[in-house]
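Remarks on the structure that follows.
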There are 2 protein chains.
Amino acid sequence: MLQKRIDDQPSISPEMVREAQGILHQHLKKVGLKQTAQRDTILRTFLETREHLSTDELHRLVKKKDPKIGYTTVYRTLKLLAECGLASEVAFHDGIARYEHQYNRRSHHHMVCTDCGSSVEFFSNEVERLEQDIGRKYHYLTTRHTFQIYGVCEDCRKKNGVRRLV
Amino acid sequence: MLQKRIDDQPSISPEMVREAQGILHQHLKKVGLKQTAQRDTILRTFLETREHLSTDELHRLVKKKDPKIGYTTVYRTLKLLAECGLASEVAFHDGIARYEHQYNRRSHHHMVCTDCGSSVEFFSNEVERLEQDIGRKYHYLTTRHTFQIYGVCEDCRKKNGVRRLV
DNA sequence: GGTGATCTTGAAAATGAAATTCAAATTCAG
DNA sequence: CTGAATTTGAATTTCATTTTCAAGATCACC
Ligand SMILES: [Mn+2]
Ligand SMILES: [Mn+2]
Ligand SMILES: [Zn+2]
Ligand SMILES: [Zn+2]
């Protein structure tokens, strides 16, 4: 599940991790929950990657830092992160819920290869505007939208081309 | 799961049912499968509604015509209909796969109320064009896209407003 | 119109991601 | 410190989807 980087946004810095942790802690206090080492470890691990991770994939990364952290805690923490805006769910239509970190990230959309699962991120102001326009037109208070393009990437087309010749 | 009709496309006519059945029969022959009464009944029932049906919902409608038709057959027939372009899957992000009939229907997108599940259909040439543009830019051979807007409809906002006053 | 190889059917079972349960461990306000 | 409240994670449950399989239906060929 590779991901091509098409922008120049830097990897997350230590200061950003602290700031994101602050956002989580504030959210926890607000909803009467407690700060724990597990939640911090999961957030830190999550921020360190730019991939679109399933709960299982994140759990595998988290276990490298603390093998005792369970799948359930990762699952629940991802929901918490989504609640406070640090994570957002991305559905690539493969039946698995994926999350990406949304902290200091420009809003974007995805084009997904249906052969190899790799994805390209792209930006479109038009799509953002469309949400507003359509919402206004039909009197919806819009909260979000999903836009994905599906197709076959160049690499996979080449591979398939070769396979056809065999 | 109501759906507001925002265009004037007519309900399906008997001739259209026959034509769609022809498409299915042709597809069945092409892939070496057999024509059956169950498949015809399921297609007919499916064409009669403009709603976005889950397998279970369609099964319930189908059983009114032939109570002996099982869930599995509806499930498998929907896949067949999707294969020959008569149906398309539409994911409203509620964990259930929904299908809508695609025969003689203008391509459109959906805005979904996250409170009551109702949906509005809208049309956008911009979105169609974007698939082409982005595909070309990143050398993908695009096949399809999904675009949904989520929000709260006017009715639900009113209801919630009242609830707040109580 | 047979005939039989092939496909279909549908109840039941399997699958698997997501969600919940619960008892032991941890947090943190006072 | 203390203890009420929350968290944790293994285990279990849930539930839509998918697969299995034996009995039944279809249809290409005669
Ligand atoms: Mn992304
Ligand atoms: Mn529709
Ligand atoms: Zn690819
Ligand atoms: Zn509503």
Side-chain angles (χ1 to χ4, degrees), chain A residues 1 21 24-45 52-84 87-99 117, chain B residues 1 21 24-43 45 52-84 87 89-99 117:
Chain A
M1 214 49 84
Q21 233 158 38
L24 172 60
H25 294 172
Q26 201 173 328
H27 176 72
L28 290 173
K29 182 159 278 180
K30 200 177 69 184
V31 296
L33 301 182
K34 289 169 181 171
Q35 217 176 110
T36 68
Q38 287 93 326
R39 286 174 175 162
D40 283 348
T41 303
I42 292 164
L43 171 58
R44 200 148 18 83
T45 312
H52 305 92
L53 298 173
S54 65
T55 308
D56 190 64
E57 285 164 353
L58 180 56
H59 179 222
R60 239 169 276 176
L61 294 178
V62 163
K63 274 196 293 189
K64 289 182 188 170
K65 298 205 165 130
D66 183 348
K68 293 202 298 302
I69 295 180
Y71 175 91
T72 315
T73 304
V74 174
Y75 164 79
R76 286 186 284 224
T77 302
L78 274 171
K79 301 238 144 177
L80 279 174
L81 297 182
E83 274 176 32
C84 62
S88 68
E89 202 179 322
V90 246
F92 281 178
H93 228 254
D94 57 355
I96 300 175
R98 296 177 179 284
Y99 291 83
Chain B
M1 215 50 81
Q21 233 158 39
L24 172 60
H25 294 171
Q26 201 173 329
H27 177 72
L28 290 173
K29 181 160 279 183
K30 200 177 68 182
V31 296
L33 301 182
K34 290 169 181 173
Q35 215 174 113
T36 67
Q38 288 94 325
R39 285 173 176 162
D40 282 349
T41 303
I42 292 163
L43 172 58
T45 312
H52 305 92
L53 298 173
S54 66
T55 308
D56 190 63
E57 285 164 353
L58 180 56
H59 180 223
R60 241 170 273 176
L61 294 177
V62 164
K63 274 196 294 190
K64 288 182 189 169
K65 299 207 163 129
D66 183 347
K68 293 202 299 301
I69 294 180
Y71 176 92
T72 314
T73 303
V74 174
Y75 163 80
R76 285 187 283 224
T77 301
L78 273 172
K79 301 239 145 179
L80 279 175
L81 297 182
E83 273 176 32
C84 63
E89 200 179 324
V90 42
F92 281 179
H93 228 255
D94 56 354
I96 301 175
R98 295 175 180 285
Y99 292 83

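- The distance from atom CG of A:D56 to atom P of C:dA19 is 15 Å, rounded to the nearest whole Å.
- Rounded to an integer number of Å, the gap from A:L28 CG to D:dT6 C1' is 11 Å.
- Surrounding NZ of B:K65 are more than 12 heavy atoms belonging to other residues, nucleotides or ligands, all under 6.0 Å away.
- The distance between atom OH of A:Y71 and atom C1' of C:dT20, rounded to the nearest whole Å, is 13 Å.
- Atoms CG and NE2, on A:L81 and A:H27 in that order, are 9.0 Å from each other to the nearest 0.5 Å.
- Residue A:Q35 contributes atom CD, which lies 13 Å from atom C1' of C:dT26 at whole-angstrom precision.
- The line from CG of A:L58 to OH of A:Y71 is 10.5 Å long, rounded to the nearest 0.5 Å.
- The shortest distance between the side-chain N/O atoms of B:Y75 and the OP1/OP2 oxygens of D:dT18 is below 4.0 Å.
- Comparing D:dG9, C:dG10, D:dT17 by their closest approach to the side chain of A:T72 singles out D:dG9.
- Atom CZ in B:R39 sits about 6 Å away from atom C1' in C:dT8, given to the nearest Å.
- Nearest-nucleotide mapping onto DNA chain D: of B:G95 and B:K29, the residue sitting toward the 5' end is B:G95.
- Across all strands, A:T36 comes closer than 4.0 Å only to sugar-phosphate atoms, never to a base (heavy-atom distances).
- Residue contacts for B:R76: at a heavy-atom cut-off of 4.0 Å it reaches a base atom on one of the strands shown.
- As judged by a 4.0 angstrom heavy-atom cut-off over every strand, B:K79 is placed among residues touching the sugar-phosphate backbone only.
- Note that CG of A:L28 is 7.5 Å distant from OG1 of A:T36, once rounded to the nearest 0.5 Å.
- Residues B:E57 and B:H52 share a closest heavy-atom pair of OE1-O, 3.7 Å.
- For B:Q38, a side-chain nitrogen or oxygen approaches OP1 or OP2 of C:dG10 to under 4.0 Å.
- Residue-to-nucleotide contacts include a donor-acceptor pair under 3.5 Å from the side chain of A:K34 to the base of C:dT27.
- Among the protein residues, A:A37 comes within range of no part of the nucleic acid, since none of its heavy atoms lies under 4.0 Å from any strand.
- Between A:D40 atom CG and C:dT26 atom C1' there is a gap of 14 Å when expressed in whole angstrom units.
- Considering only side-chain atoms of B:I96, the nucleotide from C:dT8, D:dA16, D:dG9 that sits closest is D:dA16.
- Note: CD (B:E57) to C1' (D:dA16) measures 13 Å, nearest angstrom.
- Side-chain nitrogen and oxygen atoms of A:T73 include at least one within less than 4.0 Å of the OP1 or OP2 phosphate oxygen of D:dG9.
- For the pair A:H93 NE2 and D:dA16 C1', the interatomic distance rounds to 15 Å; values are reported in whole Å.
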